[in-house]
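Below is one structure, written out as structure tokens; comments come after it.
The figures here come from the full heavy-atom set of this structure, side chains too, leaving out hydrogens, waters and symmetry mates.
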Amino acid sequence: MPKFPALLLSALLLSTPAHALKISVWDSELQTKLGDGESSGNQLRVRLVGDYNGPVVVLFAPSDEERARNTFPGLKSRYSGVLRGGQLDLQAENGPQGIARFLTAFKLTVTLQVPGNSVTLPGLRSAPANAPANKK
């Protein structure tokens, strides 16, 4: 193998994070994905739909490496919550908390990305819970 491709491959592998905490946000029946995200270092970027108001289920999935290192002790894989206008609150043991405040206990900083009323994120679907049916 020539040196340049081998060096390029090595550089790409070294620059890719070895592990990441993943988050998925679903409606309460687990039918519609309303958000997702992944950590890089101590930063968790979360993309959420902006036009949903209602109960949600929040799923966390640490990598195998993070599980082995016990990187997020006490973090459950599933939480109930509420998504309102792009703001995500989780039902924690000591009551409802915003996602950013909740994850500071795990040394993570959260960045929320919420589009306007029209959702254009791949894999995320718009599902307004409180929108009246349009009948003509």
Side-chain angles (χ1 to χ4, degrees):
M1 180 181 232
K3 282 187 177 184
F4 181 72
L7 289 173
L8 181 60
L9 179 61
S10 296
L12 287 174
L13 290 174
L14 291 174
S15 67
T16 305
H19 52 79
L21 176 69
K22 294 184 181 183
I23 181 174
S24 295
V25 181
W26 294 81
D27 70 297
S28 59
E29 279 85 40
L30 298 173
Q31 298 294 312
T32 305
K33 187 175 183 183
L34 302 168
D36 64 11
E38 191 169 332
S39 69
S40 178
N42 67 344
Q43 180 73 34
L44 177 67
R45 295 190 195 291
V46 181
R47 301 180 309 165
L48 297 168
V49 298
D51 60 352
Y52 179 87
N53 293 306
V56 295
V57 174
V58 181
L59 304 173
F60 289 99
S63 68
D64 290 340
E65 183 179 333
E66 288 169 329
R67 263 189 222 100
R69 289 183 176 181
N70 200 22
T71 305
F72 304 108
L75 181 66
K76 297 177 186 175
S77 61
R78 180 181 176 142
Y79 290 87
S80 296
V82 175
L83 180 60
R84 283 191 190 96
Q87 295 298 315
L88 179 60
D89 292 324
L90 298 180
Q91 185 60 42
E93 290 179 12
N94 55 349
Q97 287 186 4
I99 185 78
R101 182 173 181 206
F102 176 78
L103 290 174
T104 58
F106 300 99
K107 297 183 174 107
L108 287 171
T109 303
V110 176
T111 301
L112 293 177
Q113 299 170 338
V114 181
N117 286 337
S118 84
V119 177
T120 58
L121 300 173
L124 300 182
R125 291 181 20 204
S126 174
N130 300 345
N134 292 333
K135 294 183 180 181
K136 291 187 179 182

Ile99 vs Asp89, side-chain contact (heavy atoms from CB on, under 4.5 Å): CA-CA, chis, key distance, verdict: CA-CA 6 Å; Ile99 185 78; Asp89 292 324; over 6 Å; no
Verdict with reasoning, Leu48 to Gln113, per side-chain contact (heavy atoms from CB on, under 4.5 Å): CA-CA 6 Å; Leu48 297 168; Gln113 299 170 338; over 6 Å; no
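Within the 4.5 Å cutoff, the side chain of Asn53 has no heavy atoms near those of the Leu83 side chain. Counting only heavy atoms from C-beta outward, the side chains of Leu59 and Ile23 never approach each other to under 4.5 Å. In this structure, Val46 and Asp36 have side chains that are not in contact, with every pair of non-hydrogen atoms separated by 4.5 Å or more. Annotation: side chain of Gln43 is in contact with side chain of Thr111 (closest heavy-atom distance under 4.5 Å).
Taking both residues in full, the closest heavy atoms of Gln87 and Leu112 are given as OE1-CD1, 4.5 Å, listed atom of the first, atom of the second, then distance. The heavy-atom pair separating Lys33 from Ser24 by the smallest distance is CE-OG, 4.4 Å. Across all non-hydrogen atoms, the minimal contact from Ser39 to Ala20 is O-CB, 3.2 Å. Nearest heavy-atom pair, Leu44 versus Glu38, reported as atom, atom and distance to 0.1 Å: CD1-C, 3.4 Å.
With rounding to the nearest 0.5 angstrom, the CG atom of Leu21 is 6.5 Å from the CG atom of Leu108. Atom OG1 of Thr104 is separated from atom CG of Asn42 by 12.0 Å, given to the nearest 0.5 angstrom. How far OG1 of Thr109 is from CG of Leu103: 9.5 Å, rounded to the nearest 0.5 Å.
In this structure, the ring-ring contact (aromatic ring centres under 6.0 Å, His included) partners of Phe102, at least two apart in sequence or on a different chain, are Tyr79, Phe106. Taking Phe72 as the reference, nothing meets the ring-ring contact (aromatic ring centres under 6.0 Å, His included) condition, with sequence neighbours excluded.
The environment of Arg67 atom CZ is dense: over 12 non-hydrogen atoms of other residues, nucleotides or ligands sit within 6.0 angstrom.
In terms of modelled atom types and a separation under 3.5 Å, the side chain of Glu66 and the main chain of Ser63 share a donor-acceptor contact.
Tracing side-chain contacts under 4.5 Å through hydrophobic residues (I, L, V, M, F, W, Y), one reaches Leu75 starting from Val110; they form part of the same cluster. The hydrophobic cluster containing Val114 also contains Val49, counting ILVMFWY residues as joined when their side-chain heavy atoms lie under 4.5 angstrom apart, directly or transitively.
Among Leu34, Thr32, Asp27, the single residue meeting the side chain to side chain contact (heavy atoms under 4.5 Å, CB included) criterion with Val56 is Leu34.
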